[in-house]
Amino acid sequence: MSHPLDDAERARVLALSADEQYRHFIERALADGEVWTLRGPGGFVAYRGEDGEPCFPFWPHPDYALALANDDWSDCRPEPLPLDRFMDRWLPGMARDGRQLAVFPTPAGQGLIADPQELLDDLVAARERADPTATGRGSD
């Protein structure tokens with residue numbers, strides 16, 4: 001469940017570098033047990049990356065996702081994804097399909113394009129550091 005996000009925290013996190021926001025994304029995902037994306041009438045949003053391939057955005061909190069629900073995405077709303085499902089199904093499926101994802105894109109155009117397998121590996125490693133008895137992926 002996502003935590004309340006106040007203006008001071010939002011400003012602090014948005015001032016971080018893309019690499020620091022990536023680490024924040026991982027920390028919050030593990031702490032809250034979920035990640036967020038945008039969904040509209042046609043399904044989950046994606047945009048074309050620099051290589052022309054679809055890129056799927058994910059955020060650590062619905063307020064950050066909502067900040068990009070404008071223009072082409074004005075009819076979209078934040079939607080939570082349970083972290084275990086994200087790790088067990090979404091990331092492996094995206095890796096298998098050769099998809100990319102954007103971790104924490106911001107209105108200022110900041111964000112990190114990531115390989116799904118790399119993000120999965122980083123989530124698993126962070127989970128194991130936080131809880132040495134954890135065994136990799138979720139259970140969903």
- Task: Please lay out, stage by stage, how Trp59 and Leu66 fare under the test side chain to side chain contact (heavy atoms under 4.5 Å, CB included).
- Result: CA-CA 10 Å; Trp59 294 270; Leu66 193 57; over 6 Å; no
- For Asp72, does the CG atom have more than 12 heavy-atom neighbours from other residues, nucleotides or ligands under 6.0 Å away?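 Open: at most 12 neighbouring heavy atoms sit under 6.0 Å from CG of Asp72.
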Where is the tightest heavy-atom contact between [X] and [Y], given as atom of each residue plus distance?
X     : Y      : answer
Asp63 : Arg10  : OD2-NH2, 3.1 Å
Ala46 : Pro57  : CA-CD, 4.3 Å
Met87 : Leu120 : O-CD1, 3.5 Å
Leu91 : Pro116 : O-CB, 3.5 Å
Ala69 : Cys76  : CB-O, 3.6 Å
Pro60 : Phe104 : CG-CE1, 3.5 Å

- Message: Tell me if a side-chain donor or acceptor on Asp32 pairs with a main-chain N or O of Glu34 at a distance below 3.5 Å.
- Response: no
- Do any N or O atoms from the side chain of Thr37 and from the backbone of Glu79 form a donor-acceptor pair under 3.5 angstrom? no
- Task: Just jot down the side chain to side chain contact (heavy atoms under 4.5 Å, CB included) partners of Ser17, sequence neighbours excluded, or say none.
- Result: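 By the side chain to side chain contact (heavy atoms under 4.5 Å, CB included) rule, Ser17 matches Asp19, Glu20.
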- Task: Dump the intermediate steps for side chain to side chain contact (heavy atoms under 4.5 Å, CB included) on Thr106 and Gln21, then the final yes or no.
- Result: CA-CA 10 Å; Thr106 68; Gln21 287 176 346; 3.8 Å; yes
Got a second to check how far [X]'s [atom1] is from [Y]'s [atom2], nearest 0.5 Å?
X      : Y      : atom1 : atom2 : value
Arg77  : Trp36  : CZ    : CH2   : 13.0 Å
Leu83  : Asp88  : CG    : CG    : 9.0 Å
Leu123 : Glu27  : CG    : CD    : 11.5 Å
Asp122 : Gln117 : CG    : CD    : 10.0 Å
Leu81  : Arg89  : CG    : CZ    : 11.5 Å
Leu5   : Arg28  : CG    : CZ    : 9.5 Å

- Classify the ring geometry between Tyr64 and His24 as parallel (under 30°), tilted (30 to 60°) or perpendicular (over 60°).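 Perpendicular.
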Do [X] and [Y] come within less than 4.5 Å of each other through their side chains, counting heavy atoms only?
X     : Y      : answer
Phe25 : Leu112 : no
Val13 : His61  : no
Leu16 : Arg23  : no
Arg48 : Pro54  : yes

- Message: Does anything in residues 80-102 form a ring pair (Phe, Tyr, Trp, His ring centres under 6.0 Å)? List the pairs, not counting sequence neighbours.
- Response: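 Pairs touching residues 80-102 that pass the test: Phe44-Trp90, Phe58-Phe86, Phe58-Trp90.
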- Query: Excluding sequence neighbours, so at least two apart, what forms side chain to side chain donor-acceptor pair (under 3.5 Å) with Arg99?
  - Reply: none
